[in-house]
There are 2 protein chains.
Amino acid sequence: MRSFGADTRMPTVAAVLDLIRERRTVSRVELAEATGMTQATMTHAVRKLMAMGFVHEVGKARSSNGMPRRLVELVPEASYQVGIQFDRYTAVGVVIDLAGATVVRRDLPGAGDRHPEEVLLEYAGAVDTMLDAASIPREKVLGIGLATHGPQDRGKGVLLTPQPSPDWREFPLAARLQEATGLPVALENDATAAGIGVQAKADAASNFAVVFMSGGIGAGVIIDGHPYRGATSNGVELGHISVEARGPRCACGNRGCLDMISGPAGVTGQAMRNRSLISRLGLGKDTLTDFLAIGRAAASGDAEAEVLIDTSKQHLAIATITLVNLFDVGRVVLAGAAFAEFGDVYLDALQEDLDESVFMRHVHSVQVRLAENPADAPAVGAAMVVLRDLLESPGEFPTPAT
Amino acid sequence: MRSFGADTRMPTVAAVLDLIRERRTVSRVELAEATGMTQATMTHAVRKLMAMGFVHEVGKARSSNGMPRRLVELVPEASYQVGIQFDRYTAVGVVIDLAGATVVRRDLPGAGDRHPEEVLLEYAGAVDTMLDAASIPREKVLGIGLATHGPQDRGKGVLLTPQPSPDWREFPLAARLQEATGLPVALENDATAAGIGVQAKADAASNFAVVFMSGGIGAGVIIDGHPYRGATSNGVELGHISVEARGPRCACGNRGCLDMISGPAGVTGQAMRNRSLISRLGLGKDTLTDFLAIGRAAASGDAEAEVLIDTSKQHLAIATITLVNLFDVGRVVLAGAAFAEFGDVYLDALQEDLDESVFMRHVHSVQVRLAENPADAPAVGAAMVVLRDLLESPGEFPTPAT
DNA sequence: CTCTTATTATTAAGCCACTAAATTTAACGT
DNA sequence: ACGTTAAATTTAGTGGCTTAATAATAAGAG
């Protein structure tokens, strides 16, 4: 059955808000040009946003003659959104303002082997701490975006995967966090969130893919400004595509999965078979920490570590070429904790391989970039989801008086 | 720059027309339920379609009490659309009626090494022949859909690829065919067209991928009823993803491309290195003919041919798993001339591998099917594109008098 | 200083696609 | 004949946009 009801188009006010954030200072005329709508419509959209207190006029543009353009800007402190991204090994919490700027950030402990209830209560506490630290009044906080790995039911706010432990499957993540904090909670795939987080930045394209590496590998595709969500609203499972046809079986059932070869678990697993490497780098902590240690060693010339990272790079390049060939995007952005420290090492390798292997490269080039803040992008993106949801569901805000 | 103007939503009349075709005989109440819109809206939509002559009332449903539902049906002969799909080796022309039924079909010669002008003139002649054969009046023909391989600019109606020969690049395909026939022409990617063609059939899902194999391998993804088109409106380049990390370089720049291993060119290329196979199967004709001969031989127990086809199957399965993992679709449909004869051999292998390797299989199953008419699906889909374009662009038809 | 010109912003009127609610139509049972 | 029930239609709106007219604002010309 086809679904007709859901209108995937971004409502005008939301689009205008995004544009104002993107351009920082902008006139109504420019907004009209950028959206393809009329100036009259921009008058209305800007008026709505002003009535919400989200934007204000900040002056006039110089012009040779004629009425000068009146410039509008966001009022960053008009609202705040919380974003939390976590997986087994690591977690990041942020509070962003309306302009998308990170006001507070905290590294948080990953979920580890704990029960979801315990983890959520810790994060709920972190939300309080962060808001207090920046002395942000609760009524200005629109909600919390929660970015996690794996298949999920965004509507219900639950994970569909039994990882890290069976307790997580169907556990009411969104509902419990909402209860514990008193704030609305939206669930989002971490790689997709990273895509949204990257999109919020200044020179963001509207067609790109994020390759996300933290505990595992995933991808988020933003196409024509909208996140791609398959049939069941999930992320793009880049980590479980085969990059070694005769590779070992992965727990997912597939052979030679990218995650097993290029991901932190795969690289660390390889390293743990090498005694000298273990003692030299002091391995044996959690997977991500070990992976970062290996990466640092490779960057500073450790030959054995280099071999491991090279393998990881090469296979990630294969997968990224596949991703680009299938989705036909013009840019790839690297994000996630695993890229935070030496993402540029991966970047160069990817760019080189893409330049010679992407099918569409003669029609358009494909650029690889590192996210502005690789480790925070998913949390920031999750926080942005809150705002988007709000603006896309009509009637949440009082319509301004005419 | 983000684009806001384009509304990706299918207009109501188009959606209603599709539903009527899908259900054959249907009441306004059912249409309202299926679309999620009100009965009043269905009254209007059906009235418009009746004013166009596209649907008519055919009777009333029995009901215990209350006003009986008035049933509407398509008027199949209200309009006709032409579809032509071609590549280097093969081509198919069809005329379909409004109900999507194939009224005429013709096998046509592929483009071969000829100049585009010559090929187009031949196809233009075929259009005339087909329309005459079914004695279809010209004014009832809405237009021609042209499905071809490779990167293309659908807006301009030109190919962006210099294949089969450099003459094709930027050659005004749509414009010239339009001139030669006097009918509007829409260009479409062949794999995407196959998706649209499959979708038109009775039990079509709204989320699926088509794996298309004719001269080469491609894919079309239909998500939420709409074809996925990347940043540059192209198909999903399944044929050029790597399925053998250390495989030979392909002309596209990538290594171990699916097309080189599983595609007709790859399989035939392998076969041509085997003298006994060549003479036994009488190879040496064009690539697709040879491939079909090898497939038939494998099906009837030729051991050497079986090895080749098995390799092809296995690697196609790897690529299909990748496709499903990345796009998260619930169904895969096989289409294209190469599957027309022994597609079921591929189907079983794919289903088996997908069942044990797709990441989301615990959340939802993935079914593999053969298209109803594998060889014709792209041409039929191309023909449907004409109708869609017409209904989605407003003001093409006179608004019915109230 | 006033008038013209160029440009931007706002308002007014209206269109389009849809909805909600009231009304009409068509069958049935008593 | 009369009520009951359900479907279809009409009516009157609504929301989000457009076009076209109008108002505001500044630079430069005279």
Engineer: With 3.5 Å as the limit, what N/O pairs link the protein to nucleotides 11-14 of chain C?
Structural biologist:
from: C:dT11; atom 1: OP2; to: A:Arg47; atom 2: NH1; distance (Å): 2.9
from: C:dT11; atom 1: OP2; to: A:Arg47; atom 2: NH2; distance (Å): 3.3

Engineer: For a quick test of reading the model: is some side-chain N or O of B:Thr41 closer than 4.0 Å to OP1 or OP2 of C:dT19?
Structural biologist: yes

Engineer: Among the candidates D:dA8, C:dT10, C:dT19, find the nucleotide nearest to the side-chain atoms of B:Val29.
Structural biologist: D:dA8

Engineer: Given 3.5 Å as the limit, does a donor-acceptor pair link the side chain of A:Asp97 with the main chain of A:Ala101, or not?
Structural biologist: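 Side chain of A:Asp97 to backbone of A:Ala101, a donor-acceptor pair under 3.5 Å: yes, one is there.
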
Engineer: Round to the nearest Å and state the distance from A:Met50 atom CE to C:dT10 atom C1'.
Structural biologist: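 It is 11 Å, rounded to the nearest whole Å.
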
Engineer: B:Leu391 has an atom CG; how far is it from atom C1' of C:dA17, in whole Å?
Structural biologist: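 Rounding to the nearest Å, CG of B:Leu391 and C1' of C:dA17 are 16 Å apart.
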
Engineer: If only side-chain N and O atoms of A:Arg69 are considered, is one of them under 4.0 Å from the OP1 or OP2 phosphate oxygen of D:dT25?
Structural biologist: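 For D:dT25, OP1/OP2 do not have a side-chain N/O of A:Arg69 under 4.0 Å.
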
Engineer: For B:Leu31 and D:dA8, give me the distance from atom CG to atom C1', rounded to whole Å.
Structural biologist: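 Rounded to the whole Å, the gap is 13 Å.
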
Engineer: Can you tell me how far P of D:dA8 sits from CE of B:Met42, to the nearest Å?
Structural biologist: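 Going from B:Met42 (CE) to D:dA8 (P), I get 12 Å.
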
Engineer: Would the distance check show the side chain of A:Arg331 and the main-chain N or O of A:Asn207 forming a donor-acceptor pair, the cut-off being under 3.5 Å?
Structural biologist: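 Not confirmed, A:Arg331 side chain does not pair with A:Asn207 backbone.
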
Engineer: Could I get the full list of side chain to side chain donor-acceptor pair (under 3.5 Å) partners for A:Glu57, not counting sequence neighbours?
Structural biologist: A:Arg28, A:Arg70

Engineer: Rounded to whole angstroms, how far apart are CD on B:Gln39 and P on D:dT10?
Structural biologist: 14 Å

Engineer: Under the rule for salt bridge (charged side-chain N to carboxylate O under 4.0 Å, His left out), what residues qualify as partners of A:Arg69, not counting sequence neighbours?
Structural biologist: none

Engineer: Any pair with a residue in residues 184-199 of chain B that passes salt bridge (charged side-chain N to carboxylate O under 4.0 Å, His left out), sequence neighbours left out, goes on the list, sorted by first then second residue, please.
Structural biologist: B:Arg154-B:Glu188, B:Glu188-B:Arg229

Engineer: Checking A:Gln178 now: which residues fulfil side chain to side chain donor-acceptor pair (under 3.5 Å) with it, not counting sequence neighbours?
Structural biologist: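 None.
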
Engineer: Among residues at least two apart in sequence or on other chains, which ones pass side chain to side chain donor-acceptor pair (under 3.5 Å) with B:Thr232?
Structural biologist: A:Asp328, B:Asn234

Engineer: Base contacts versus sugar-phosphate-only contacts with protein, heavy atoms under 4.0 Å: please encode nucleotides 23-28 of chain C as B, S and - from 5' to 3'.
Structural biologist: --BBBS

Engineer: CD of A:Glu30 versus P of C:dA9: gap in Å, rounded?
Structural biologist: 9 Å

Engineer: Are any of A:Thr38's side-chain N or O atoms less than 4.0 Å away from OP1 or OP2 of D:dT18?
Structural biologist: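 Yes, such a contact exists.
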
Engineer: Check side chain to side chain contact (heavy atoms under 4.5 Å, CB included) between B:Gln39 and all other residues, then give those that pass, not counting sequence neighbours.
Structural biologist: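 Testing B:Gln39 for side chain to side chain contact (heavy atoms under 4.5 Å, CB included), a comparison that skips the adjacent residues, returns B:Val29, B:Ala32.
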
Engineer: Enumerate, atom names and distances included, each donor-acceptor pair closer than 3.5 Å involving a side-chain atom of residues 71-80 of chain A, sequence neighbours excluded.
Structural biologist:
from: A:Glu73; atom 1: OE2; to: A:Thr25; atom 2: OG1; distance (Å): 2.6
from: A:Ser79; atom 1: OG; to: A:Gln81; atom 2: OE1; distance (Å): 2.7

